[in-house]
Amino acid sequence: MTEPTPRVRTRTRLPAAERRASILAAATEVFSETGFQRGKVSDIAKRVGVSEPVVFQNFGSKAALYRATLDHAVESVSALLHQAADTGRPVPEVLASFLDPAHLDRFHRPGAHGFLFADATALAHDPDLGEALRQVHQHLADMLAGLLERGRSAGDIRQDVDPRTAAWWLVSLLAGRSFRAAVVPDRDKVEAELTDLALRALLSRGDVGDGGSRGGNGGNGGNEEP
């Protein structure tokens, strides 16, 4: 009796774009958990189920992959904020929810996008990454400036506020959180008051709406949602 021929299992090859997207998703997870310096390409490859050379074939270097994850994170945050505004929520309310200290604490935890931004800030003077990371922060400022311009057009943001200057002010507020966490006593109270001060300085009216910053969660419980 003839033995049946063993069935050979073939590995499905993903399309190039899908493979690249899966590597980027895994890299975002790894770098947001460990940061750039501790993040290993081998761990990223393992999560995707490919070899390390495949990762390098798609992105060239660990630094280039890290820059791509930061760009991806900014795009994700931008999409969430603008989608929230698209639902009809006023820009000040969207900003209040995003800048709420409780939300930002979750947003900056390991595993969340904010952890990536904090890590990038610490690497801004790295000779291999510095210029690219400055571009990423410029992208973040441009995103916030667009949102502020949108609010100004709707009459919710003061007309005498320059959106680009205000955007960099907000980026600086975010970037200073780790410093304040290390040196400021009564941090929760100070963070709430700083956020409230920033929002009130931008508003064309005297309140921050229902998504205010006084210790609430801005109406969401997720790590990334505004």
Do [X] and [Y] share a hydrophobic cluster (ILVMFWY, side-chain heavy atoms under 4.5 Å, transitive)?
X    : Y    : value
L140 : L123 : yes
L174 : L81  : yes
L173 : V183 : yes
L147 : L104 : yes

Output the distance between atom [atom1] ([X]) and atom [atom2] ([Y]), rounded to the nearest 0.5 Å.
X    : Y    : atom1 : atom2 : answer
R47  : I44  : CZ    : CD1   : 8.5 Å
E33  : R38  : CD    : CZ    : 10.0 Å
L202 : L99  : CG    : CG    : 9.0 Å
R134 : L129 : CZ    : CG    : 10.5 Å
L116 : F36  : CG    : CZ    : 12.0 Å
L70  : Q135 : CG    : CD    : 11.5 Å

[X] (side chain) donor-acceptor with [Y] (main chain) under 3.5 angstrom:
X    : Y    : value
K40  : V30  : no
S78  : V74  : no
R164 : A141 : no
R180 : E191 : no
R150 : V91  : no

Carefully, step by step, assess I23 and F59 under the rule side-chain contact (heavy atoms from CB on, under 4.5 Å).
CA-CA 9 Å; I23 293 172; F59 288 92; 3.6 Å; yes
List the steps and the verdict of side-chain contact (heavy atoms from CB on, under 4.5 Å) for R67 and E131.
CA-CA 10 Å; R67 293 195 297 267; E131 181 57 33; over 6 Å; no
Please lay out, stage by stage, how L24 and N58 fare under the test side-chain contact (heavy atoms from CB on, under 4.5 Å).
CA-CA 10 Å; L24 183 59; N58 279 269; over 6 Å; no
Which heavy-atom pair separates [X] from [Y] by the least distance, and what is that distance?
X    : Y    : answer
A112 : S32  : O-CB, 3.6 Å
A45  : V55  : CB-CG2, 3.9 Å
Y66  : A120 : OH-N, 3.4 Å
F107 : F117 : CZ-CE1, 3.8 Å
V54  : R19  : CG1-CD, 4.3 Å
D156 : P90  : OD2-CB, 3.8 Å

Hey, are the side chains of V77 and F98 touching, using non-hydrogen atoms and a 4.5 Å cut-off?
yes
Would Q37 and D119 count as a side-chain contact (heavy atoms from CB on, under 4.5 Å) if you check the C-alpha gap in whole Å, the side-chain angles of each, and the deciding distance to 0.1 Å?
CA-CA 9 Å; Q37 294 178 332; D119 185 56; over 6 Å; no
Can you tell me if Q138 has over 12 outside heavy atoms packed within less than 6.0 Å of its CD?
yes
Verify the distance criterion only: is there a donor paired with an acceptor across the side chains of T121 and H137 at less than 3.5 Å?
yes
